[in-house]
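These notes are about the structure you will find just below.
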Amino acid sequence: MKKEEEPKTYSFEGKEIRSSVVLAASFLVAFSAYMAIQNLQSSLNEAEDLGIISLNVLYGCIIFSGIMAPAVIRFMGIKMTIILSWVIHLLYTSSNFYPAFSTLIPSSVLLGAITGFLWTSQSVYISVCSYSLAKSTGAVPYDVLCKLNGLFFTIFETTQIPGNLVSSLILQSGTYSNVTGKAVCGSDYCPGASNGTDIAPPEMSLVYILLGIYLGCDIIALIITIIFLPPLPTSEWNSNTSLKQSLRSFFVTLFTSKMIFLVPFIMFQSVEHAILWSDYTRSFVSCPIGIQMVGFVMTTYGATTASCAFLFSRIAKYVGRYILFFTAAVLHGGVFVTLYLWTPTSDDTKYIFVIPIVWAIGEGIWQTQSNSLIAMLFPEKTGPAFANFHTWKAIGFTLILVLSNFLCLKTKLICVLALLALAMTMYTGVEIYARVQQKRKVVAATTSIKVSSNDTKESKFTN
């Protein structure tokens with residue numbers, strides 16, 4: 001007799017938590033560099049709006065890479081996609097040594113083209129590890145999803161700490177005035193207006209030191225991924241679908257009622273990020289207290305977000321995601337109303353630090369719970385679902401950054417508040433729909449059990 005084939009085991013099985021930590025460590029190192037560069041773009045490359053335009057291009061390209069993600073990941077695999085992403089991060093950081101339209105824009109195109117693949121790979125990797133761990137331990141899948149997403153984003157959100165701390169420690173050794181010319185800070189900023197902010201740049205020698213450190217971070221991330229990250233098996237969906245089907249799956253998933261209703265909810269999360277990274281750092285930090293303080297402010301934000309991501313991932317199963325999401329909405333709504341009404345001065349340093357702390361509490365909720373929500377709503381289509389998730393986030397980023405070139409900040413803040421209200425209304429509809437579906441499944445399962453039980457009784461009676 002032939003021996004029965006033993007079920008295949010993969011290198012990540014039994015090591016799901018360790019694998020998630022390794023993935024998070026590579027993201028931590030790479031994005032410590034990227035986040036710090038991104039936070040400084042609108043202030044460091046202010047001439048001809050090069051910084052903002054490069055971010056427009058970067059996030060615009062993410063839209064297309066998000067759509068292509070299921071197909072690309074199908075051929076390259078999760079691990080190889082992440083490795084290629086870190087190589088392109090190296091190129092992007094290098095281009096900032098000589099920032100110009102001829103260097104920064106092409107590297108932004110490349111980075112945007114790979115970022116959709118990168119974040120879809122990350123989401124799928126954590127989801128696969130979560131379901132594997134839930135299966136082996138008998139735990140509730142959503143609880144494990146919250147746990148591993150919380151673990152990943154607790155580590156990931158600390159990216160704002162080392163990179164930004166390094167930037168402020170190095171840039172504060174420069175000698176320059178905070179602002180040159182007549183500038184009006186806060187929500188009164190308008191692009192192209194005579195009262196726009198005009199940030200005094202630091203010496204290039206300091207910028208080169210900073211970028212050299214960030215280049216080293218990208219190399220370390222690459223090494224961690226190549227050596228320590230276990231590859232995932234090719235999923236049944238990926239192995240059995242053609243290129244055309246994998247591309248089609250993106251749009252099929254998009255036009256499900258649950259995903260369509262989540263679009264404003266997803267876009268808001270990227271829009272609030274874009275406001276923080278571009279408008280807040282420029283008009284509420286660099287303008288009133290200097291570019292050298294951006295790093296310290298964002299370090300505070302990162303430390304708070306990491307702490308909150310850890311906390312909320314642990315209490316989600318007791319409190320419920322609905323309460324957490326609405327708490328985040330109230331906090332961010334309050335932040336944007338404050339930004340609309342407030343004009344900061346050099347005497348408002350403590351308030352300039354307090355705003356990102358409140359902002360970060362809400363962010364800790366969005367980051368951990370949103371990924372868990374998508375994985376739970378689309379357990380059989382995690383690839384296309386997360387591709388949609390990151391594509392719509394990229395669309396939100398791109399729209400708000402493009403509008404930064406035309407709209408005054410006050411107008412943008414009104415638009416963001418309106419988007420928040422729409423997002424929470426439609427999210428509520430998704431939760432109601434999901435609950436109705438769940439009840440139907442329970443009723444159907446109960447009915448099936450009763451029918452089966454009655455059939456068994458009738459069979460006994462007949463015998």
Item checked: Qualifying side chain to side chain donor-acceptor pair (under 3.5 Å) pairs with a residue from residues 208-228, counting only residues at least two apart or across chains -> W86-T225, T93-D218

Margin query: Donor-acceptor check, side chain of S187 to backbone of L409, threshold 3.5 angstrom: yes or no?
Written below: no

Next item on the list: May I ask you to check whether S370 and Q269 show a side-chain donor-acceptor distance below 3.5 Å?
Entry: yes

Margin query: side-chain contact (heavy atoms from CB on, under 4.5 Å) for L210 and L206? Distances and angles first, verdict last.
Written below: CA-CA 6 Å; L210 200 58; L206 297 178; over 6 Å; no

Run the side-chain donor-acceptor check on residues 327-336: report pairs under 3.5 Å with partners two or more places apart or on a different chain.
unit_1 : atom_1 : unit_2 : atom_2 : d
T327   : OG1    : I323   : O      : 2.7
H332   : ND1    : W366   : NE1    : 2.9
H332   : NE2    : W359   : O      : 2.9

Next item on the list: Would you please name every residue forming a ring-ring contact (aromatic ring centres under 6.0 Å, His included) with Y427, sequence neighbours left out?
Entry: F265, F325

Item checked: Shortest non-hydrogen separation from C146 to A316 and the atoms involved -> SG-CB, 4.2 Å

Item checked: Aromatic ring proximity, centroids under 6.0 angstrom, F397 and W277 -> yes

Notebook entry, point to check: Are L373 and E431 close enough that some pair of their side-chain heavy atoms sits under 4.5 Å apart?
Noted result: yes

Item checked: Distance (rounded to the nearest 0.5 Å) between L413 CG and I275 CD1 -> 5.5 Å

Notebook entry, point to check: Residues in side-chain hydrogen bond (donor to acceptor under 3.5 Å, both in side chains) with T81, at least two apart?
Noted result: none

Notebook entry, point to check: Donor-acceptor pair, S168 side chain versus Q292 backbone, under 3.5 Å?
Noted result: yes

Note to self: So, using side chain to side chain contact (heavy atoms under 4.5 Å, CB included) as the criterion, who are the partners of L91 when residues are at least two apart?
What the structure shows: L110

Notebook entry, point to check: Are I400 and V416 close enough that some pair of their side-chain heavy atoms sits under 4.5 Å apart?
Noted result: yes

Note to self: Tell me if the aromatic rings of F353 and F296 count as close, with their centers under 6.0 Å from one another.
What the structure shows: no

Item checked: Contact check, side chains of L229 and I224, non-hydrogen atoms, under 4.5 Å -> no

Next item on the list: Could I get the full list of side chain to side chain contact (heavy atoms under 4.5 Å, CB included) partners for P162, not counting sequence neighbours?
Entry: S32

Next item on the list: Please work out whether the ring planes of F27 and F31 are parallel, tilted or perpendicular, with thresholds of 30° and 60°.
Entry: parallel

Check: Do the non-hydrogen side-chain atoms of L339 and I355 ever get within less than 4.5 Å of each other?
Finding: yes

Check: In chain order, what residues pass the salt bridge (Lys or Arg N to Asp or Glu O under 4.0 Å) check against K410, with sequence neighbours excluded?
Finding: D188

Notebook entry, point to check: Should we count CZ of F326 as having more than 12 external heavy atoms under 6.0 Å?
Noted result: yes

Next item on the list: Considering non-hydrogen atoms only, spot the tightest contact between A30 and H89 and give its length.
Entry: O-ND1, 4.4 Å

Checklist line | Verdict with reasoning, I395 to V263, per side-chain contact (heavy atoms from CB on, under 4.5 Å) | finding: CA-CA 10 Å; I395 290 173; V263 166; over 6 Å; no

Next item on the list: Indicate yes or no: at least one non-hydrogen side-chain atom of K79 is less than 4.5 angstrom from one of I82.
Entry: no

Margin query: Going by side chain to side chain donor-acceptor pair (under 3.5 Å), name the pairs with one or both residues in residues 108-124, residues two or more places apart or in two chains.
Written below: S123-N371, S123-H390

Next item on the list: Measure the shortest side-chain to side-chain distance between L104 and Q41 over non-hydrogen atoms and say whether it is less than 4.5 angstrom.
Entry: yes

Check: Relative to each other, are the rings of Y280 and F284 parallel, tilted or perpendicular (30° and 60° limits)?
Finding: parallel

Notebook entry, point to check: If every non-hydrogen atom of A394 is compared with every non-hydrogen atom of I62, which pair is closest and at what distance?
Noted result: CB-CG2, 3.2 Å

Next item on the list: Quick one: pull up CD in E203 and CD1 in I209 and give me the separation to the nearest 0.5 Å.
Entry: 10.0 Å

Checklist line | side-chain contact (heavy atoms from CB on, under 4.5 Å) assessment of F156 paired with M35 | finding: CA-CA 11 Å; F156 176 76; M35 291 293 194; 3.8 Å; yes

Next item on the list: Sequence neighbours left out, what passes salt bridge (Lys or Arg N to Asp or Glu O under 4.0 Å) with K393? Give chain and number order.
Entry: none

Note to self: For R18 and V21: C-alpha separation, side-chain torsions, deciding distance, then whether side-chain contact (heavy atoms from CB on, under 4.5 Å) applies.
What the structure shows: CA-CA 5 Å; R18 176 186 175 278; V21 170; 5.7 Å; no

Check: Which value, rounded to the nearest 0.5 Å, describes the distance between L28 atom CG and T158 atom OG1?
Finding: 4.0 Å

Margin query: Checking the side chain of N164 only, and the main-chain atoms of T299 only, is there a donor and an acceptor separated by less than 3.5 Å?
Written below: no

Check: Does CE belonging to M80 count more than 12 external heavy atoms closer than 6.0 Å?
Finding: no

Next item on the list: Please report the closest heavy-atom contact between I352 and P356, naming both atoms and the distance.
Entry: O-CD, 2.9 Å

Item checked: With sequence neighbours excluded, residues passing side-chain hydrogen bond (donor to acceptor under 3.5 Å, both in side chains) with S20 -> none

Checklist line | Heavy-atom closest contact (C308 atom, G364 atom, distance) | finding: CB-CA, 4.1 Å

Note to self: Measuring from atom CD1 of I220 to atom OG of S26, what distance do you get when rounded to the nearest 0.5 angstrom?
What the structure shows: 12.0 Å

Margin query: Does F97, at its CZ atom, have more than 12 non-hydrogen atoms belonging to other residues, nucleotides or ligands within less than 6.0 Å?
Written below: yes

Next item on the list: List in chain and number order the residues that pass disulfide (SG to SG under 2.5 Å) with C415, two or more places apart in sequence or in another chain; answer none if no residue qualifies.
Entry: none

Next item on the list: Mind jotting down which residue pairs meet the side chain to side chain donor-acceptor pair (under 3.5 Å) criterion with at least one end in residues 58-72? Sequence neighbours excluded, please.
Entry: Y34-Y59, Q38-Y59

Item checked: Separation of F153 CZ from T368 OG1 (nearest 0.5 Å) -> 8.0 Å

Note to self: On a heavy-atom basis, which atom in V144 and which in A134 lie closest, and how many Å separate them?
What the structure shows: CG2-CB, 3.8 Å

Notebook entry, point to check: Just how far is it from atom CD of Q367 to atom NE2 of H273, taken to the nearest 0.5 Å?
Noted result: 5.0 Å

Next item on the list: State, yes or no, whether a side-chain contact exists between I37 and Y92 at a heavy-atom distance under 4.5 Å.
Entry: yes

Item checked: I105 side chain reached by S102 side chain, heavy atoms, under 4.5 Å -> no

